[in-house]
Q: 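Supplied in structure tokens, the structure appears directly below.
When a residue number appears, it is its place in the shown sequence, counting from 1.
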Amino acid sequence: MNGSVQAQIKEEAKPVEKKRRFEVIIIGSGPAGYTAAIYTARAKRDTLIFSGILPGGQLMLTTEVENYPGFSDGIFGPELMTIMRKQTERMGATVVDDEVVNVDFKHKPFKVLTPSEEYEAEAVIICTGANPRKIGAKGEHEFGGKGVSYCATCDGPFFRNQEIVVTGGGDTAMEEAIFLTKFGKNIHVVHRRDQLRASKVMQERAFENPKIRFHWNKVIDEIKGADKVNQVIIKDMVTNERKALDVGAIFVAIGHEPNTKLFKGQVELDDQGYIKLRENTKTSVEGVFAAGDVHDHRYRQAVTAAGFGCMAGIDVDKYLSENKKK
Ligand code: NAP
């Protein structure tokens, strides 16, 4: 996390309240979590939000965000999340910088445990997001936000007329490669096998596109640059031969891992581990809701996560009103 933003968050953080029971506990502090908290706190629901191990979520790892409405000149991801946090606190929610290590949704009130405390809630909103899988190549971490990206929709327009690498062979990789042809000079798809995993229709679209070149049986061995990426070293899986590609960016599209380990056996998950929603933002457990990338593997945008957070906040307020009438 950006040091000055972290210091600012610490300075402004409220002292942790001793209270242990809340009407709503929100787990996760990306756009979904903060927006859900803004809605529940504004509806006068006693709200606690656990910010988790990466307060602010994935946007804390990005640089400029150009597609979040309301910021005509763009805004840096960490700054956007600091503003969302301030707004959440101004609405009266309590933000706790702690990690949730266990939950019990089998009985009401629901239990939410941190390493040192146990909390209770009448309703819970899960907003723990999903993390893009990493390739683990040298330079991947160092050039994060400086040419290494995990989202073409977010970062593609920054690399106009440049050579671009996309790595992966699934539908996401093909979709990203096709999207990136709008901006890049050439798109180099680097895939570890000689066959794609993507659906036939996506494969055909990618094969037909004259700007897309395929590098079969290759993996990313190293990402190089100075202040930003300028070269990617690819390695042949069969011959071990290494080759340099001079590129301005690399988009990693090898899948996502939803952060749902904690909820296995508590709420229903799909076969890829994402939370299954029943109706609107309701999970399989009455009183437990989910919002953002933890259930949405289609859009994965800050603005859609915020939208889902808003929906969950409204759904929780309605659920609590109806429950109290019973
Ligand atoms: P995916 O289908 O799991 O594909 C991941 C790709 O990354 C595979 O080609 C895999 O190679 C490769 N890969 C995995 N780990 C790697 C590593 N360590 N190094 C190099 N390559 C690695 O993931 P996805 O493309 O994100 O799609 C996820 C789901 O969403 C799928 O069900 C997909 O159909 C769906 N989806 C649909 C659409 C659409 O319909 N428009 C768009 C996007 C996603 P191997 O092939 O060798 O295993």
Side-chain angles (χ1 to χ4, degrees), residues 1-14 16 26-39 41 48-91 93-100 127-134 139-159 223 225 227-229 249-252 256-257 259 291-294 296 299-310:
M1 188 196 309
N2 174 323
S4 63
V5 172
Q6 199 170 28
Q8 197 184 346
I9 285 176
K10 280 221 165 100
E11 214 173 272
E12 290 168 1
K14 279 185 184 172
V16 176
I26 296 167
I27 308 172
S29 62
Y34 282 143
T35 308
I38 288 167
Y39 273 77
L48 174 74
I49 168 165
F50 285 108
S51 65
I53 33 178
L54 178 63
Q58 292 294 317
L59 280 180
M60 298 304 281
L61 307 174
T62 57
T63 51
E64 201 176 352
V65 179
E66 279 188 326
N67 54 6
Y68 198 88
F71 300 94
S72 57
D73 298 326
I75 182 164
F76 280 85
E79 196 186 342
L80 177 61
M81 298 322 293
T82 305
I83 295 170
M84 281 195 203
R85 180 174 174 133
K86 276 190 190 167
Q87 191 177 357
T88 303
E89 289 177 328
R90 192 170 74 80
M91 292 299 148
T94 303
V95 186
V96 172
D97 287 320
D98 209 346
E99 188 192 357
V100 173
C127 305
T128 46
N131 292 334
R133 281 196 202 119
K134 308 281 189 297
E140 182 179 16
H141 180 70
E142 181 189 345
F143 292 108
K146 297 174 194 158
V148 175
S149 172
Y150 302 87
C151 173
T153 311
C154 315
D155 299 329
F158 295 124
F159 303 102
I223 298 162
D227 54 335
K228 54 187 172 57
V229 170
I250 164 166
F251 286 81
V252 178
H256 282 74
E257 298 279 355
N259 295 317
D293 293 10
V294 73
D296 163 39
Y299 301 103
R300 292 193 184 109
Q301 300 299 299
V303 67
T304 51
F308 283 122
C310 156

Q: Would you compute the distance between atom CE of M81 and atom CZ of F76 and round it to the nearest 0.5 angstrom?
A: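 Going from the CE atom of M81 to the CZ atom of F76 covers 16.0 Å.
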
Q: Holding to side-chain contact (heavy atoms from CB on, under 4.5 Å), I want the full list of residues that pass it with K146, two or more places apart in sequence or in another chain.
A: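 Partners of K146 by the side-chain contact (heavy atoms from CB on, under 4.5 Å) criterion, ordered by chain and then number, come out as F143, K228.
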
Q: NE2/H141 to CD1/I223 distance, rounded to the nearest 0.5 angstrom?
A: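 Reported value, rounded in 0.5 Å steps: 12.0 Å.
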
Q: Applying side-chain contact (heavy atoms from CB on, under 4.5 Å), can you list everything that pairs with S51, at least two apart in sequence or on another chain?
A: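 S51: side-chain contact (heavy atoms from CB on, under 4.5 Å) contacts with S29, P55, R85, V95, D97.
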
Q: In chain order, what residues pass the disulfide (SG to SG under 2.5 Å) check against C151, with sequence neighbours excluded?
A: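 Partners of C151 under the disulfide (SG to SG under 2.5 Å) test: C154.
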
Q: Measure the CD1-CD distance between I250 and E140 for me, rounded to the nearest 0.5 Å.
A: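 Result: 7.5 Å between the selected atoms.
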
Q: Do you know the tightest heavy-atom contact between D73 and E64?
A: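 Nearest pair, atom of D73 first, then E64: O-OE2, 3.6 Å.
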
Q: Once you round to the nearest 0.5 Å, how far does CG of D98 lie from CD1 of I49?
A: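 It comes to 13.0 Å.
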
Q: For Y150, check ring-ring contact (aromatic ring centres under 6.0 Å, His included) against everything at least two apart and list the hits.
A: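 In terms of ring-ring contact (aromatic ring centres under 6.0 Å, His included), with neighbours along the sequence ignored, Y150 is linked to no residue.
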
Q: Which heavy atom of D293 sits nearest a heavy atom of A305, and at what distance?
A: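 Of all heavy-atom pairs spanning D293 and A305, the closest is OD1-CB, 4.4 Å.
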
Q: Quick check: closest heavy atoms across A41 and A93, and the distance to 0.1 Å?
A: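 Closest approach of A41 to A93, heavy atoms only: CB-N, 3.8 Å.
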
Q: I need the F158 CZ to S149 OG distance, nearest 0.5 Å.
A: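 The CZ atom of F158 sits 9.0 Å away from the OG atom of S149.
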
Q: Can you name the closest pair of heavy atoms from G139 and V148 and give their distance?
A: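 Minimum heavy-atom contact is O-CG2, 4.4 Å.
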
Q: Quick one: closest heavy-atom pair of H256 and A130, and the distance?
A: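 Between these two residues, the closest heavy atoms are CB-CB, 4.4 Å.
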
Q: Which heavy atom of A302 sits nearest to which heavy atom of L59, and what is that distance?
A: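 The answer is CB-CD1, 3.7 Å.
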
Q: Who pairs with R133 by side chain to side chain donor-acceptor pair (under 3.5 Å), at least two apart in sequence or on another chain?
A: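 With sequence neighbours excluded, R133 shows a side chain to side chain donor-acceptor pair (under 3.5 Å) to E257, given in chain and number order.
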
Q: Go through the structure and list residues passing side-chain contact (heavy atoms from CB on, under 4.5 Å) with I38, not counting sequence neighbours.
A: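 Result, side-chain contact (heavy atoms from CB on, under 4.5 Å) vs I38: Q87, T88, M91.
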
Q: Which residues pass the side chain to side chain donor-acceptor pair (under 3.5 Å) test with N131, not counting sequence neighbours?
A: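 Here the qualifying residues are Q58, N259.
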
Q: Between atom CD1 of I75 and atom OH of Y68, what is the distance when rounded to the nearest 0.5 Å?
A: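 Interatomic distance, I75 CD1 to Y68 OH, rounded to 0.5 Å: 10.0 Å.
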
Q: For A152, give me all partners under side-chain contact (heavy atoms from CB on, under 4.5 Å), at least two apart in sequence or on another chain.
A: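 A152: side-chain contact (heavy atoms from CB on, under 4.5 Å) contacts with E176, F179, L180, F251.
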
Q: List the residues meeting side chain to side chain donor-acceptor pair (under 3.5 Å) with Y39, not counting sequence neighbours, and say none if there are none.
A: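 Testing Y39 for side chain to side chain donor-acceptor pair (under 3.5 Å), a comparison that skips the adjacent residues, returns none.
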
Q: Output all residues satisfying side chain to side chain donor-acceptor pair (under 3.5 Å) with T128, sequence neighbours left out; order by chain, then residue number.
A: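 T128: no side chain to side chain donor-acceptor pair (under 3.5 Å) contacts found.
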
Q: How far apart are the C-alpha atoms of T153 and Q301, what are their side-chain angles, what is the distance that settles it, and do they pass the side-chain contact (heavy atoms from CB on, under 4.5 Å) test?
A: CA-CA 8 Å; T153 311; Q301 300 299 299; 3.8 Å; yes

Q: Are N67 and V303 side-chain neighbours, meaning at least one heavy-atom pair lies under 4.5 Å?
A: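 Result no, sub-4.5 Å side-chain heavy-atom pair not found.
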
